[in-house]
Amino acid sequence: MARYNGLPDKRVEEVLDGVGLLKRGGHKYRTYSLGMKQRLGIASALLKDPDLLVLDEPTNGLDPEGMAEIRALIRQFGQGDRTVILSSHLLGEVQQVSDRVGVMAKGRMLREGTTADLRGGKGLIVRASPVDLAVQAAAAIEGVSGVTNDNGAIRIAVDPALAGKVNQRLVAAGVEVFEISQFQSSLEEVFLQLTQSKEAR
Amino acid sequence: MMNGSFRAETLKIRKRAATWVLGALTVAIVVFWSYVVGYIVCNDVLGDSARAADLELVRETLMVKNFHVAGLDTLARFGGAVALVFGAVVAGSEFIWNTIKTVFMQRPVRNTVLAGEIAATGASIAAFVLASFVAAPAAAIALSGPVGAAVTMPSVPGVLLGFGAAWLVLMAWAASGLALASVTRSIAAAVGLGLVYFLAIENAVSGLADRYSILEALKSVFIGPNARALAEQFIPESLVQNPPSSGPAQAVAALCGAVAVAAVVSALAWRRDVN
């Protein structure tokens, strides 16, 4: 690939070094593991030092170690002026490596924004008894913007740093609190919401 | 870019085991058909006074001074199939392994890559012919004692002309293989179609053309008959048994035309989308 583009052998060594394959550079392709083959593909794409790198399912078929390696490389290559577009159905992976996310369905972009924007605000999930009293008490707490009962799990839209205050107020209202944990919608939840919405159909 | 494509294609060709196998096969065909078979025939007619003319013909063929004639003649008869397979391997491999997509992704344009591929094929064919033209005099020298032939080297211009003619003959076949592989996007289909054409259609039509003059025009553009006609131009006059079916200019034009047509067909086939 370097020769097609008139690039010197030194550039090949640089990109192989960048993906951790310099020592295996002289070995036959068939002796490479799947992860190494993927890294070789990325090295090939980096030969011309592109401003934009498009990766389609780069961790497809890789073992957990290989996936972690590729994710680390993607983060590394995305630093600086280069933009990396990652196309993937593994939303956990997208969540881990992306700054901005776009959700597409049937060829249309449904939503695009930072990962935090798409996942929405953080909050608290409280398991307590009695539930109705807990919902009522939580709604009265200053800083709470919404309370929902999700099959017994009370989702409170509030800054998670206020967990202690929320606990105190609920106990003071006569509520028995079993568990308080932080929540934020995963990309998978956002994706499913968007792709199953009327907008997507 | 063209130079880059040529260097890239040359590297790929060099790394393929098939290249070395086909190159060795080309040399083996020349040595076996020109010299091993020639020696067997020579032994057969030795001492048979009724076949003195045949003995002289075989002995002349085995002489070092005629190694380029013997090499060219054998390559024109049997080298075509090997060159066709080689051309099919060069172009077909890219489609089989889907590497053509990877190449285009880095932006060398299609015609540049194809030109590099054809040039690298030409360079490889030149290496095949060179190896054959090194092995041929070596075999001739080895046989000079047993057959009682003098060791006299041919003229340099004669060898260069023979080399050029052998290259053109094999290149016409290799370019055909390359074009067939580009059209079929496969090695097996290209080799199958090419060999059927080479062994069946050209030979059958050429045979019929001797009886039906309407087929003469078709025969005049075939690669095989023109390759043999070109090789026959190099045979010393004293040894010519049948005059060549076409002159050197027509043979060269037909073979160059075959290379050009194959290049155009390949270029058109490469315009298609790659999946």
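From a predicted model like this one, the values you see are computed outputs, not experimental measurements.
Remark: A:Gln168 CD is loosely packed, at most 12 non-hydrogen atoms of other residues, nucleotides or ligands lying under 6.0 Å away. The neighbour count for A:Glu188 CD, taken as heavy atoms of other residues, nucleotides or ligands under 6.0 Å away, does not exceed 12. Crowding of A:Asp150 atom CG: a count of heavy atoms from other residues, nucleotides or ligands under 6.0 Å exceeding 12. Counting non-hydrogen atoms of neighbouring residues, nucleotides and ligands closer than 6.0 angstrom, the CD atom of A:Glu179 exceeds 12 such neighbours.
Heavy-atom minimum distance, A:Met1 versus B:Val103: CE-CA, 3.8 Å.
Proximity to chain A (any heavy atom under 4.5 Å) is shown, for B:Lys15, by neither the backbone nor the side chain. Both the backbone and the side chain of B:Thr102 come within less than 4.5 Å of a heavy atom in chain A.
One distance of note links CZ of B:Arg7 with OH of A:Tyr4; it measures 12.5 Å at 0.5 Å rounding.
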